[in-house]
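By convention here, the first residue in the shown sequence is residue 1. This structure is a prediction, so every number in the text was calculated from the model and none was measured.
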Amino acid sequence: MLLYLHGFASGPSSNKARFLSERFRALGIPLVVPDLTPGDDGFERSSPSSMLALAEGLLAGAPPPHAIIGSSLGGYLAALAASRDPSVERLVLMAPAFRLFERWERRLGPVDLGRWRREGLETMHYATGRNRRIGWQFFEDARKLPAFPEVRVPALCIAGTRDETVPFEDVKAFVDRTPTARLVPVDDGHDLARSLDVIFREARTFLAPFTGPGAAW
């Protein structure tokens, strides 16, 4: 299976998900793009672990080997999945949101964190185009997870040098500590909107052993 994991407050209809689905489909390669927060209140009740469980359920239900493409939070979840599941043999991580808990804690500070605990965190949910409130369970769950998952499989990391959401240095730190990872810097921000063609070219080459004529999928 070639699986795509979307980012925080995003969904299967994101620009990168649609672009890569179309490009891989043109090569005869299906890209599975699930909604990681399904249901009317799925986003409000979600946590990193609930999203990861959904992805792991899909992996368990399909014959190996697997590769995962992940964007932002989805990239972090992809790395977590690979650290736990030996059937995941290759990763493409776009602006992966490493140091998830630390970044949220530093970004919000005590006052806003207290409000989040009491009221939920209001944020733009891009998949539905409206503001929604995610529960405190997201932050509490993130606290339990490693800042940098231990990954032993080949990983292609594509990160924008002008990313103001996930610092480029965080992605570089992951690559520096992961011998199987390679970093491709691009002159772009967090959404990598200007780099879609580069992402596809790099991903297609990187995934060639798994998407060629003899591939399981």
Indicate yes or no: at least one non-hydrogen side-chain atom of [X] is less than 4.5 angstrom from one of [Y].
X      : Y     : result
Leu156 : Leu93 : no
His66  : Leu58 : no
Tyr4   : Ser14 : yes
Val151 : Leu91 : yes
Met94  : Ser72 : no
Leu196 : Phe19 : yes
Leu36  : Leu77 : yes
Ile134 : Glu44 : no

Under a 4.0 Å N-O cut-off, is there an ion pair linking [X] with [Y]?
X      : Y      : result
Arg99  : Asp170 : yes
Glu169 : Lys172 : no
Asp197 : Arg201 : no
Arg84  : Glu56  : yes
Arg103 : Glu105 : no

Worksheet entry | Check against ring pair (Phe, Tyr, Trp, His ring centres under 6.0 Å), Trp104 and Phe139 | CA-CA 8 Å; Trp104 275 106; Phe139 186 77; 7.8 Å; no
Spacing of [X] atom [atom1] and [Y] atom [atom2] [to the nearest 0.5 Å]:
X      : Y      : atom1 : atom2 : answer
Thr161 : Asp188 : OG1   : CG    : 8.0 Å
Ile29  : Arg204 : CD1   : CZ    : 9.5 Å
Ser87  : Leu59  : OG    : CG    : 5.5 Å
Asn15  : Leu192 : CG    : CG    : 11.5 Å
Arg143 : Leu100 : CZ    : CG    : 12.0 Å
Leu113 : Arg107 : CG    : CZ    : 10.5 Å

Item to complete: Mind checking side chain to side chain donor-acceptor pair (under 3.5 Å) for Ser10 and listing every partner two or more places apart, or none if nothing turns up?
Response: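 If we apply the side chain to side chain donor-acceptor pair (under 3.5 Å) test to Ser10, skipping adjacent residues, there are no hits.
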Discussion item. Under 4.5 Å between side-chain heavy atoms, counting indirect links through other Ile/Leu/Val/Met/Phe/Trp/Tyr residues: same cluster for Val33 and Leu27 or not?
Written reply: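 Yes, Val33 connects to Leu27 through the hydrophobic network.
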Worksheet item: Would Tyr126 and Leu5 show up in the same hydrophobic cluster when neighbours are defined by side-chain heavy atoms closer than 4.5 Å?
Response: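 In one cluster with Tyr126: Leu5, no.
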Which heavy-atom pair separates [X] from [Y] by the least distance, and what is that distance?
X      : Y      : value
Phe138 : Ser47  : CD1-CA, 3.8 Å
Met51  : Ser46  : CE-OG, 3.7 Å
Pro38  : Arg45  : O-NH2, 4.4 Å
Ser71  : Lys16  : OG-CE, 3.0 Å
Gly11  : Ala127 : N-CB, 3.9 Å
Ala97  : Val166 : CA-CG2, 3.8 Å

Would a distance-only check, ignoring hydrogens and angles, find a side-chain to backbone donor-acceptor pair under 3.5 Å from [X] to [Y]?
X      : Y      : value
Trp116 : Gly135 : yes
Asp163 : Gly189 : no
Ser21  : Arg18  : no

Worksheet entry | Residue pairs passing the ring pair (Phe, Tyr, Trp, His ring centres under 6.0 Å) test where at least one lies in residues 20-50, sequence neighbours excluded |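 Found Phe8-Phe43, Phe24-Phe200, Phe43-His125.
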Enclosure of [X] [atom1] (heavy-atom neighbours >12, cutoff 6.0 Å):
X      : atom1 : result
Glu140 : CD    : yes
Arg118 : CZ    : yes
Asn131 : CG    : yes
Arg133 : CZ    : yes

Discussion item. Within 45 degrees of the ring normal and closer than 6.0 Å to the centroid, is that where the cationic atom of Arg90 sits relative to Phe206?
Written reply: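 Positive - Arg90 is close enough to the ring of Phe206 and near enough to its axis.
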Fill in: Qualifying residue for side-chain contact (heavy atoms from CB on, under 4.5 Å) with Glu202, from Val186, Val92, Val184
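Passing option: Val184.
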Item to complete: On the 0 to 90° scale, with breaks at 30° and 60°, tag the Tyr76-Phe98 ring pair as parallel, tilted or perpendicular.
Response: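 Because their plane-to-plane angle is over 60°, the rings of Tyr76 and Phe98 count as perpendicular.
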